[in-house]
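If you read the sequence from its start, that first residue is 1, and numbering goes on from there.
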Amino acid sequence: MRRRRPGHGDARRARRLSLLALALALGSSLVWGTADFAGGSLTKRLPAFAVTVVSQAAGLVALLVAVAIRGSIAWHSFALGLLAGCGGGVGLAAFYRALSLGTMSVVSPIAACGAVVPFAIALATGERPSVVALLGAAAALGGAVLASLEERHGASPERARAVGLAVVAAVALGLFVYFLGLGSRDGDALSTLTGARVASLGLLVTLAAALGATLRVPRSSLLAVAGVGLADVAANTLFVLAAGQGLLALVAVLGSLFPVVTVLLAHVLLGERLTRPQQVGVAVALAGVCAIAAG
């Protein structure tokens, strides 16, 4: 049988994001945003390191159970997961500490800037989304971070520290997303997730010990903290599945729209005021998603 040569239609499809990848990536944002809202609420009354370490440990237990049931692990993907976990550990520690100092509707959008890291690396290594999708990615990112503009004018030292920590979280979480997507796309998703959680938890425990931070969580809050960790694992799983279905440059952007969810939850449940820039940001982000889907 004569093999059909790839034509322009194949190239066009290769540059688009499938509906499955779109749904999975947006699902990861939804779950990540909810987990971040819950984790941020807990850090208002519990030590940030305790919330981070205990939640990460709960997620690791779930992953180890899955590995044990399957009975095997892919070591190359596990190694890429370790690289992701180093960024994830630093990013989560900085992110939760920033949430304990500033408002969710400001810290979370700044952290979303981390999507620029995997987006830029993916483009530099050869991914070529369509022009419409690129414009949509830029709009989605811009919309997600728009709420951070006013914070830079604040005079509170704690809020200034929160912004600085959020920037650190953005870079570290950007590296986490890139290596997580790379490991799952070119290898085994479960092994990548497990490696990432091992590295992040190990790094967080080391940082907590070096800083003398307490890891105690009241028994009454254990289930809530563990739930945050399980939700984080679920979001990571949705993201790695999306990375296996579409361009990492676009999946990374869609997976980083969690601030929109966090901002809306903070507005509805905590009564945090949505400023005009935040309202515009939500609309722009949604328009960007539509452009990515159409591109």
Just by modelled atom types, is the Gly255 backbone N or O under 3.5 Å from a matching donor or acceptor in the Ser29 side chain? yes

Is there a side-chain contact between Leu203 and Val90, using heavy atoms and a 4.5 Å cut-off? yes

Can you run down the ring-ring contact (aromatic ring centres under 6.0 Å, His included) pairs that involve residues 214-257, sequence neighbours left out, and say none if there aren't any? Trp32-Phe239

Could you pull out the closest heavy-atom pair between Ala35 and Ala231, with the gap in Å? CB-CB, 3.9 Å

At their closest point, which heavy atom of Arg197 faces which heavy atom of Ser200, and how far apart are they? O-OG, 3.2 Å

Could you please spell out the steps behind the side chain to side chain contact (heavy atoms under 4.5 Å, CB included) verdict for Leu46 and Ser221? CA-CA 9 Å; Leu46 298 173; Ser221 300; 3.8 Å; yes

Does one hydrophobic cluster hold both Val217 and Phe95, with members joined at side-chain heavy-atom distances below 4.5 Å? yes

Closest non-hydrogen atoms of Val168 and Ala94, given as atom of the first, atom of the second and distance, are CG1-CB, 4.1 Å

Give me the atom names and distance for the closest heavy-atom approach of Cys86 to Ala199. N-CB, 3.9 Å

Specify the closest pair of heavy atoms between Leu238 and Val31, including all atoms of both residues, with the distance to one decimal. CD1-CG2, 3.9 Å

Look only at the side chain of Ser28 and the backbone of Ala25, and say whether a donor-acceptor pair between them is shorter than 3.5 Å. yes

Answer yes or no: is there a side-chain heavy-atom contact under 4.5 Å between Val67 and Leu190? yes

Do Ser191 and Arg70 have side chains that get closer than 4.5 Å, going by heavy atoms? yes

Would you check if the side chain of Ser77 reaches a backbone N or O of Asp188 as a donor-acceptor pair within less than 3.5 Å? yes

Side-chain contact, heavy-atom cut-off 4.5 Å: Leu42 with Val228? yes

In this structure, are over 12 heavy atoms from other groups packed under 6.0 Å from Leu223 atom CG? no

Would you say Val53 and Val198 are hydrophobically clustered, going by side-chain heavy atoms of ILVMFWY under 4.5 Å? yes

If you look only at pairs with a residue in residues 44-80, which of them pass as a ring-ring contact (aromatic ring centres under 6.0 Å, His included), with sequence neighbours excluded? Trp75-Phe78

Euclidean distance, Thr43 OG1 relative to Leu101 CG, rounded to 0.5 Å: 9.0 Å

Is there a donor-acceptor contact under 3.5 Å from the side chain of Glu127 to the main chain of Ala249? yes

Considering only heavy atoms from C-beta outward, does the side chain of Val61 approach that of Gln56 to under 4.5 Å? no

Show the numbers, then the answer: is there a side chain to side chain contact (heavy atoms under 4.5 Å, CB included) between Val233 and Leu193? CA-CA 8 Å; Val233 166; Leu193 289 168; 5.7 Å; no

Roughly how far, to the nearest 0.5 Å, is the CG atom of Asp232 from the OG1 atom of Thr237? 9.0 Å

Between Leu269 and Leu30, is there a shared hydrophobic cluster once you connect ILVMFWY residues whose side-chain heavy atoms come closer than 4.5 Å? yes

Show your reasoning for whether side chain to side chain donor-acceptor pair (under 3.5 Å) applies to Gln245 and Ser18. CA-CA 7 Å; Gln245 296 290 327; Ser18 70; 4.6 Å; no

Are Leu60 and Leu82 connected in a single hydrophobic cluster, I mean Ile/Leu/Val/Met/Phe/Trp/Tyr linked by side-chain heavy atoms less than 4.5 Å apart? yes

Output for pair (Leu250 CG, Ser130 OG), nearest 0.5 Å, gives 7.5 Å

Is any side-chain heavy atom of Pro129 less than 4.5 Å from a side-chain heavy atom of Leu123? yes

Residues Val54, Leu215; criterion side chain to side chain contact (heavy atoms under 4.5 Å, CB included); working and verdict: CA-CA 8 Å; Val54 174; Leu215 299 180; 5.5 Å; no

Is Leu201 linked to Ile73 within one hydrophobic cluster, defined over Ile, Leu, Val, Met, Phe, Trp and Tyr using a side-chain heavy-atom separation of less than 4.5 Å? yes

How long is the straight-line distance from CG of Leu222 back to OG of Ser55, given to the nearest 0.5 Å? 11.5 Å

What's the separation between atom OG in Ser184 and atom CG in Leu80, rounded to the nearest 0.5 Å? 9.5 Å

Donor-acceptor pairs under 3.5 angstrom involving side-chain atoms of residues 173-183: please list them, not counting sequence neighbours.
none

